[in-house]
Amino acid sequence: MSTYNGEKYVKQQINSILSQNDVDIFLTIRDDGSTDNTVLILNEYSKLTNVSVTIGENVGFRESFIALYSSLREENSNYYAFSDQDDEWLPEKMIRAIEMLDKNGGKKPTLYISDRYIANEDLSKVTGKVYDNYPPYDWNAAPISRFIDSRGAGCVQVWNKAGQKLLEHYTPYNITHDEWVSAVFTFMGAVVYDERSFINYRRHINNVSGTTNTDGNLNFFQKLTLLVNKLEKKQFSQNIDYRAQLLLNGYRNQLSEKDIKSLTAFAEYKHSFSKKLYILFSKKIKVTSSEAPFNYQLMKILMLFTNGL
């Protein structure tokens, strides 16, 4: 867990993690330079034998999480997971993830991802699950297709020891932790998806990430105008070229030739019209699931030619 000025909710989250059913928990926390009472709260938990707290300087949540999984790990753990500071885990979250990892992964590097319940600020109301209103997703699609349309927030990611060793092979820089972990397992491991949810995903004004959709009440022309504005401002950018280059830098020797070719196209597409055409027309690369709505596919194509992928 990485924390930053989380005094309002961090106790509830830590308690929900330490109260997991049928699992021995070791919680590693890195504080990213909080200026409120978060550090005082963490110091109380640091007295527990299964909680380790490091107080660091403010480097931003990306580098803070990367530091956590790359150097602040518990060596004897069999499974690893990220946690946000402001959600609430249901008691069976980890054991359900472990059951699916053991069943579907074995000794192979495997990542577990589940859905999330969307909850209001005080967790008194759940309005559904995150992926209820998303386009259909094929978890068995080719790695490059799933890389383009990556799913799986860090707060629901759990992986096994073999997966941890895979991640330790290369430490990236300036990339969101969940995007990176998803990418690595998509190409060099396995990903198992659980449509169930075992986490209350708290939505409030200070969230770093955003999931709720506020465009639902707009008419077609308003939505089109909003889409164009967002494309111009690169608000949909997934840093796909940067992620592709990092994978090539760190794992080229473990990638197949076809994956190297596809990733190279994405790594270089911003400066090459021919690479854009290759991405668009290659039968091996799907912009999104073939079952997704037309406007979703169109948006991806527009993103490609405005360098917004």
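Please read all numbers here as calculations on a predicted model, not as lab measurements.
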Inset, instruction - Go through the steps to decide whether Lys276 and Asn307 satisfy the test side chain to side chain donor-acceptor pair (under 3.5 Å), and finish with yes or no. - result: CA-CA 9 Å; Lys276 291 179 181 180; Asn307 291 346; 2.9 Å; yes
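- Of the candidates Leu42, Thr38, Thr54, Ile55, Ile29 forms a side chain to side chain contact (heavy atoms under 4.5 Å, CB included) with just one, namely Leu42.
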Inset, instruction - Apply side chain to side chain contact (heavy atoms under 4.5 Å, CB included) to the pair Asp115 and Val156, showing each step before the final yes or no. - result: CA-CA 7 Å; Asp115 208 337; Val156 292; over 6 Å; no
Legend entry - side chain to side chain contact (heavy atoms under 4.5 Å, CB included) assessment of Asn140 paired with Arg146: CA-CA 8 Å; Asn140 296 312; Arg146 288 183 285 130; over 6 Å; no
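- By the neighbour-count criterion of 12 heavy atoms within 6.0 Å, atom CG of Asp122 is densely surrounded, having more than that number from other residues, nucleotides or ligands.
- No side-chain N or O of Arg30 forms a donor-acceptor pair with one of Ser2 less than 3.5 Å apart.
- Residues Tyr9 and Leu123 are members of separate hydrophobic clusters, defined by side-chain heavy-atom contacts under 4.5 angstrom among Ile, Leu, Val, Met, Phe, Trp and Tyr.
- Both Val51 and Ile25 sit in one connected hydrophobic cluster of ILVMFWY residues. Membership requires side-chain heavy atoms under 4.5 Å apart, directly or through other members.
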Inset, instruction - Could you give me the CA-CA distance, side-chain angles and deciding distance for Tyr45 and Asn15, then say whether side chain to side chain donor-acceptor pair (under 3.5 Å) is met? - result: CA-CA 10 Å; Tyr45 284 100; Asn15 289 338; 2.8 Å; yes
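- Residue pairs meeting the ring pair (Phe, Tyr, Trp, His ring centres under 6.0 Å) criterion with at least one partner in residues 81-106, sequence neighbours excluded, are Phe65-Phe82, Phe82-Trp159, Phe82-His177.
- For the residue pair Asp259 and Ser256, a side-chain donor N or O sits within less than 3.5 Å of a side-chain acceptor on the partner.
- Listed by chain and number, the residues in a ring-ring contact (aromatic ring centres under 6.0 Å, His included) with Phe198 amount to none (sequence neighbours excluded).
- Taking NZ of Lys93 as the reference point, atom OG of Ser16 lies at 9.5 Å (rounded to 0.5 Å).
- A chain of hydrophobic side-chain contacts below 4.5 Å, direct or via other Ile, Leu, Val, Met, Phe, Trp or Tyr residues, connects Tyr173 to Ile240.
- Side-chain atoms of Asn120 and Ser124 include a donor-acceptor pair closer than 3.5 Å.
- In this structure, a donor-acceptor pair under 3.5 Å is absent between the side chains of Asn58 and Tyr4.
- Residues that satisfy the ring-ring contact (aromatic ring centres under 6.0 Å, His included) test with Tyr131, not counting sequence neighbours, are Tyr134.
- In the hydrophobic clustering of ILVMFWY residues, with side-chain heavy atoms under 4.5 Å counting as a link, Val59 and Trp180 come out apart.
- When each of Asn5, Val39, Val53 is checked for a side chain to side chain contact (heavy atoms under 4.5 Å, CB included) with Asp31, only Val39 meets the rule.
- Asp86 and Arg202 are not joined by a salt bridge, as no carboxylate oxygen comes within less than 4.0 angstrom of a charged side-chain nitrogen.
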Inset, instruction - Determine, step by step, whether Asn249 and Gln245 satisfy the side chain to side chain donor-acceptor pair (under 3.5 Å) criterion, reporting the C-alpha distance in whole Å, the side-chain angles of both residues, the deciding distance to 0.1 Å, and the verdict. - result: CA-CA 6 Å; Asn249 291 346; Gln245 190 60 61; 3.0 Å; yes
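- Checked by atom type, the side-chain pair Gln157/Ser182 shows a donor-acceptor distance below 3.5 Å.
- Hydrophobic clustering (ILVMFWY, side-chain heavy atoms < 4.5 Å, transitive): Leu40 and Ile14 are in distinct clusters.
- For Lys11, the NZ atom is loosely surrounded, since the number of other residues' heavy atoms within 6.0 Å does not exceed 12.
- Ion pair Arg151/Glu179 not flagged as a salt bridge, since none of the NZ, NE, NH1 or NH2 atoms sits closer than 4.0 Å to an Asp/Glu carboxylate oxygen.
- For the residue pair Asn76/Lys161, the side-chain donor-acceptor check at 3.5 Å is not satisfied.
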Inset, instruction - Take Val10 and Met1, measure what side chain to side chain contact (heavy atoms under 4.5 Å, CB included) needs, and give me the verdict at the end. - result: CA-CA 10 Å; Val10 71; Met1 175 191 292; 4.1 Å; yes
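- Salt bridge present: Arg96 and Glu99 bring a charged side-chain N and a carboxylate O closer than 4.0 Å.
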Legend entry - Ile199 and Cys155: CA distance, side-chain angles, deciding distance, side chain to side chain contact (heavy atoms under 4.5 Å, CB included) verdict: CA-CA 8 Å; Ile199 176 175; Cys155 59; 3.8 Å; yes
